[in-house]
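See below for the structure under consideration.
Everything numeric in this text was worked out from a predicted model, so none of it was measured. In what follows, every heavy atom counts, from backbone to side chain, and hydrogens, waters and symmetry copies are set aside.
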Amino acid sequence: MTLATSAARQPSPPARRRINFSALGPLLALALLIVIGMLLNPNFLSYGNLTNVLARSAFIGIIAVGMTFVITSGGLDLSVGSMAAFIAGTMIIVMNLLVPSLGASWLVVLCGLGTGLLLGALAGAVNGLLVTVGRIEAFIVTLGTMGIFRSLVTWLADGGTLSLDFTVREIYRPFYYGGIFGVAWPIIVFAIVAIIGEIVMRKTPFGRHCAAIGSNEQVARYSAVRVDLVRLSTYVLLGVLVGIATIMYVPRLGSASSSTGVLWELEAIAAVIIGGTVLKGGFGRVWGTVVGVLILSFIGNLLNLAALVSPYLNGAIQGVIIILAVMLQRERSAAK
Amino acid sequence: MTLATSAARQPSPPARRRINFSALGPLLALALLIVIGMLLNPNFLSYGNLTNVLARSAFIGIIAVGMTFVITSGGLDLSVGSMAAFIAGTMIIVMNLLVPSLGASWLVVLCGLGTGLLLGALAGAVNGLLVTVGRIEAFIVTLGTMGIFRSLVTWLADGGTLSLDFTVREIYRPFYYGGIFGVAWPIIVFAIVAIIGEIVMRKTPFGRHCAAIGSNEQVARYSAVRVDLVRLSTYVLLGVLVGIATIMYVPRLGSASSSTGVLWELEAIAAVIIGGTVLKGGFGRVWGTVVGVLILSFIGNLLNLAALVSPYLNGAIQGVIIILAVMLQRERSAAK
Amino acid sequence: MGVAVSEGRLTSPVLSAEKVSKSFGPVQVLFHIDFELRPGEVHALIGENGAGKSTLMKTLSGYERPTGGRILLDGQEVQFVSGADAEDRGVVLIHQEFNLADQLSVEANIFLGREPRRGPFLDSSRMREEARALLAELETNVDPQTRVMHLPVSDKQMVEIAKALSRKARVLIMDEPTAVLTANESRTLFRQIERLKREGVAILYTSHKLEEVKEIADVVTVLRDGHHVVTAPTSELSVDDMARHMVGRELVDLYPEKAPQPAAETVLEVSGFSVLRYAEDVSFTLKRGEILGFAGLVGSGRTELMEGLVGLRPAHGEVKVHGEVVHIRSPKDAERRGVAYLTEDRKGRGLILNQEMRPNLTLFGLDRFCNIFIDRRREEEALDQATQRFDIRAPHRRIHVGHLSGGNQQKLLLAKTMVVEPDIVIIDEPTRGIDIGTKQQIYNFVEDLARQGKSCILVSSEMAEIIGLCHRVVVMRSGRVMGELSAGDINENNIVRHAMGLSHNGGGRHDARH
Amino acid sequence: NAQESATIGVSIPAATHGWTGGVNYHAQHAIDRLKAAYDNLEFVLATAGSPSEQVSDLEDMMATRNIDALVILPFESDPLTGPVKRVADEGKFVTVVDRGLAQDGIENLYVAGDNPGFGRVAGEYFRERMIDGGKIVVLRGIPTTIDNERVQAFEEAIDGSGIEIIGMEHGNWNRDDAFEVMQDFLSRFPEIDAVWASDDDMAMGVLEAVRQAGREGEMFIVGGAGMKQVIKGVMDGDETIPVNVLYPPAMIGTAIELTALRYVGQVPVEGRYILASPLITQENAEQYYYPDSPF
Ligand SMILES: Nc1ncnc2c1ncn2[C@@H]1O[C@H](COP(=O)(O)OP(=O)(O)OP(=O)(O)O)[C@@H](O)[C@H]1O
Ligand SMILES: Nc1ncnc2c1ncn2[C@@H]1O[C@H](COP(=O)(O)OP(=O)(O)OP(=O)(O)O)[C@@H](O)[C@H]1O
Ligand SMILES: [Mg+2]
Ligand SMILES: [Mg+2]
């Protein structure tokens, strides 16, 4: 007694196209920034400047790639900046301690690298365990560990600055300033991390599970996704990436103090959101994050390129551009 | 005919009890802190110390009450600290400008207050409009305006500190330092704001609508809730409350600078979450926020009252206590 | 009536329940249920809304732990740790509520948690192929790449089914799979069920469409108030028997007397109305005391048209309420004009699942419950009235709406819409997932409204509902009105012809079933 | 020679507290003044919120602005040493202000405040004034090397004088923080004879807390850096804040001017200019009072 026939429905094409357009958003904003940069200063696209900007965006960039996974799965990590400072401080202490016995050698640097990665994984695991096993809001957990890591590095440095032994620094220096084929190492590492991140997000079960958990934890759990494990992994992954970022950071400045990495968390999260990842979880894209990081870096660079206004207003211009960049991308997608 | 209709009429005891217990969490943490405080220092519960702690928590407290509404309806506001600094700066400038024409009088102070409230409402409206009409993520909008407000105040102060005219200051001073029946004004205002906030959240359509929007925007829309209007209102409300907080803040030190209100946003959000409001929206309680604010204030007070360890580690202890406080509340509710 | 195990069920049960009980806190939902499921058999579980069907199914498939009794798999006692654990052992459940991650694609959802891999990577091409094949078997045109949130409910249901089929079940449990499907889609599903049955899969199935049960089930088990009532071969039970067992009393005619012919007064006049991308140039009128049906195939744009009318979608055209031209830009405007819309998507758009019944009931038209503050007492009274009037059955009144049984959610949604006492009520698929007894109550309720001089637009894909209730019927196809039927012309044949777009070119081939 | 055009990069910390605010003000003003006076000078001013941002600023100045000279007030010494050295290695003229680099011989010109001196002068004042010893509390700045140097020198200066530091907390060179810390010190200690606030912003916060508690007569407060309000108070013979220790943010202006001289004057200036941290008392306060400065 019901309607017996049903017209064949076609899959709706507009939905598809819409995604593509909104995806173009951040890229468009980036392109616009680059054009403005070129107009402001002919040196903007010079090899030197590009290398500088890309290399320095590598720290936040590497961290933001990890943050993309955490946010996609519905989490958050406010502790990354402090964590980086803490890892940098500990790495320096370990390397300095090893110099007397091992001499200033590659071995010392290697031990430093190991320390960085290990600590990153550990710190990430602490956050992850408190969130998953402890069942505490990620915001609170990482706000807490943010304070803890920051305090620890201040305490380790006795309120001052921890400096890497000068001879070790010379060995370690090429990690930031060197490169191959004229491409600086941080850029290479960032690119590798970003590409792997993008592949993991799109092509592996892990990435898919992150999105599923962020979208609907209950569904993920019902579908045999090991929710806690995946969630824990995102934090550990982020921790390791903070470790890698710190490994690139230490040779740049050769020191760590309580002001190291301040506000990196905000920058990393902002990059992720600008890139189109949803803050509440469920959808994330690594390449968007990369674009977001570049947008933020180029804004800073642009402000140095042309002394347009009082430096006091830099923050305001930055704010306006961030809002505009995202608005641009929203408008485009709304238009479709 | 079924287990239902009659049973439906009595409130079931188990559900009730569970809610009560989880609700007790933050209160318990607060009680514990107070006991520890009493053990550490007999002055902890002295009238003077309590007045100090409560009065200074009033700024964050008043803001956090507004933040509860924003977060409950699924939003976020990172700009409140900068907004407070900007409002404080403008209020001071306005009052100083009026002194020559009006003389140092109550009238000047009143104009200052008006400026504060108006600016707060405006600033909140800017955030709210960008979020609702502009359809930009609240995180991005308020990250942007955070930079903008902060820059503006730095620029207004020419990098330095804006100081209120000394004679006006004397008239204005009782706003922070005065009180009635031995209760300081900031405490009274905070209490009033909190009580009204709690009533609005629980007893008015506005509060209901906030929770509905935060839970499921679609359902709210289909239920004739004017989603954009409500959302906009939460930001304006928060702006006005930031204005009120600033009105209480200015007479305290009589100055504003670029360092005013730094990190207030984080503290306010943390208080809200510690109080049991859900970061992703849908459920909020104002009294929990008040408890959260008090917890945070007492932690800071305790650390100053008892020099337990290296001051470098204060941040770490703070972090641990925050995590423990929330864990306590989660454990209790899980146990039931 | 005791348990009537019939002869002819020779194979031993693959999954069975022994004295299974289930309580949520102090509320007992299932009482000592005995139950057997055999390979190659389609077993239907029927009962009123809230009888415990979904709960029993979840208990059998590991999503809920029984609080008493045992569950046996192949004669061995098992304790499933989780739904996933049960799935690993071949017991798969299709949930009543959708169990899909909205932001993920169809394909990602189908394979979620069991993705085929090639090395460390997802085997995308295989997934795409298999997803396509599964969906093709179900004869849906869903693109595996679309995100689930863009899908209509019936397609979501098909994706759920595809997901379950992909799990290679030995026992397939389906909780009201056909509630949101069209007859055609249901038919495809039944073909799949036949196939699985031949392959020896045991199938447990529930539906409120008793004809359907009669048609495809081999055995029927009836639950009432959490108690086992009867188990019998379908051949031994007529549809009326089933209904009688479910409700515990004799059911009179399903459809009430038609309300008296509407007055001449036109309360709503819509002309040249279009909703962006979904409906074009729609015109119709509604009279006082009239029940106007909207029929059409799924996707014909009825829902969108109605959403456009109440300001939920961008739309343009002329709308007159009580003769006055109005511009309705939001549901609030509509409500002020006395127009209310009841959505077809109760979970996504109708109810806030993590809140209690009271705030849900009063959310729409909350201003009726407050002077300055919300009057809690008045709300509680309204809830009392609503539970009575709509027979909403909840274990206790502070239950989260998400924990209500599907049918009771639907009733609550109806109650919520009626809180504003609209003059013109638009109800979209009001009886989805509603048991036969309650359906009758709802029909009576709608007739009553008409008798009281209210007007009602009924959008429904249940042809019988439209025919049984409506004074007049508008038939839509692809966003356009194809025709209007009144009084004596309202019959299945006419509706189908219009819905298929055959009326203009003088018939042609229509409905092969009749 | 005089007519050659030159670009001078100026890199300073962002205005996040009173003293750096003063630095910003004086830098801006020196630049405005010099630009107006000399057509051939071009300036690039960059403010940084962290050491690593400051390094980025240096990189940008080198890569895109072709600076000829750099005037830098390093955020922190150690992390900036390498990057500044690279600028110097490119043959740029480098002026370092306030915070010395970790390696000697990088800069051409060093205009410095004396951080240990800052703490020592304050300490010596306490020693003189409190001959019989007494109980004091100390508010420290943001945990940094500068702060460590100051506090260490202060502690050394009062060592053996019978002055006891009964409480020491970080006020982060911030008025609000200092206000709250002092409130708590006041409830914690019934007897406080003096406060070393180690910074004028913090001194203002401390003063309010003391006023609120009504204990002005009981203790004196010493800040530092030379904020105009404080100097004014010292001039007027304030009892509660009787003296100040100079640490002038104006040193950045001096450094910029000295650097500019190289391109407009005949005599290139090089070497070390250490600005002492004198004690400002009622007698000499007037010469340190700049009513127009924001600081
Ligand atoms: N998690 C839960 N907590 C409390 N009560 C629950 C929960 N889940 C189900 N119930 C209650 O158990 C009873 C049986 O619900 P169930 O969903 O099994 O009914 P049903 O037979 O499937 O009804 P319908 O036909 O409406 O889907 C209902 O009264 C429901 O409110
Ligand atoms: N092109 C499309 N893209 C995405 N969703 C669509 C598209 N077309 C229709 N839908 C969805 O299909 C569902 C059913 O279509 P619609 O509501 O227009 O038909 P209807 O006549 O109301 O049918 P019914 O209510 O019986 O499902 C709606 O939920 C709608 O959102
Ligand atoms: Mg059910
Ligand atoms: Mg529909």
Quiz prompt | Top of C:A84, C:G62, C:G113 for chain A proximity - count of heavy-atom pairs under 4.5 angstrom | solution =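 Option with the greatest count: C:G113.
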Exercise. Among the options C:R167, C:E465, C:M149, C:H95, pick out the one with the most heavy-atom pairs lying under 4.5 Å from chain A.
Key: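 Most heavy-atom pairs within the cutoff with chain A belong to C:H95.
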Quiz item: Which heavy atom in A:H209 sits nearest to a heavy atom in C:L112, and how many Å separate them?
Solution: CD2-CD1, 3.9 Å
Exercise. Work out which heavy atom in C:A101 is nearest to a heavy atom in A:N216; give both atom names and the distance.
Key: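 Residues C:A101 and A:N216, closest heavy atoms: CA-CB, 4.5 Å.
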Quiz item: About how many Å separate CZ of A:F283 and CZ of C:R147, when rounded to the nearest 0.5 Å?
Solution: 5.0 Å
Quiz item: How long is the gap from CD1 on C:I110 to OG on A:S223, to the nearest 0.5 Å?
Solution: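 The OG atom of A:S223 is 11.5 Å from CD1 of C:I110, to the nearest 0.5 Å.
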Quiz item: Is there a side-chain contact between A:V219 and C:L100 (heavy atoms, below 4.5 Å)?
Solution: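 Contact flag for A:V219/C:L100 side chains = no.
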Quiz item: Would a 4.5 Å heavy-atom cut-off, applied to side chains only, mark C:L122 and A:P205 as touching?
Solution: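 Yes; the side chains approach each other to less than 4.5 Å.
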Quiz prompt | A:R226, part contacting chain C, at a heavy-atom distance under 4.5 Å | solution = neither
Self-check item: Interface moiety of A:I199 toward chain C, non-hydrogen atoms closer than 4.5 Å
Solution: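 For A:I199, side-chain heavy atoms alone lie under 4.5 Å from chain C.
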Practice problem: Tell me whether the guanidinium CZ or amine NZ of A:R221 lies under 6.0 angstrom from the six-membered ring centre of C:Y63 and within 45° of its axis. | Solution: no
Quiz item: For C:E115 and A:K203, what are the C-alpha separation, side-chain angles and deciding distance, and is it a salt bridge (Lys or Arg N to Asp or Glu O under 4.0 Å)?
Solution: CA-CA 11 Å; C:E115 293 87 356; A:K203 303 265 176 202; over 6 Å; no
Quiz prompt | Crowding at CZ, C:R65 (>12 non-hydrogen neighbours, <6.0 Å) | solution = no
Quiz prompt | Neighbour count above 12 (heavy atom, 6.0 Å) for C:R114 CZ | solution =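 It does: C:R114 CZ has more than 12 such atoms within range.
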Quiz prompt | Engaged part of C:I466 at the chain A interface, taking heavy atoms whose separation is under 4.5 Å | solution = neither
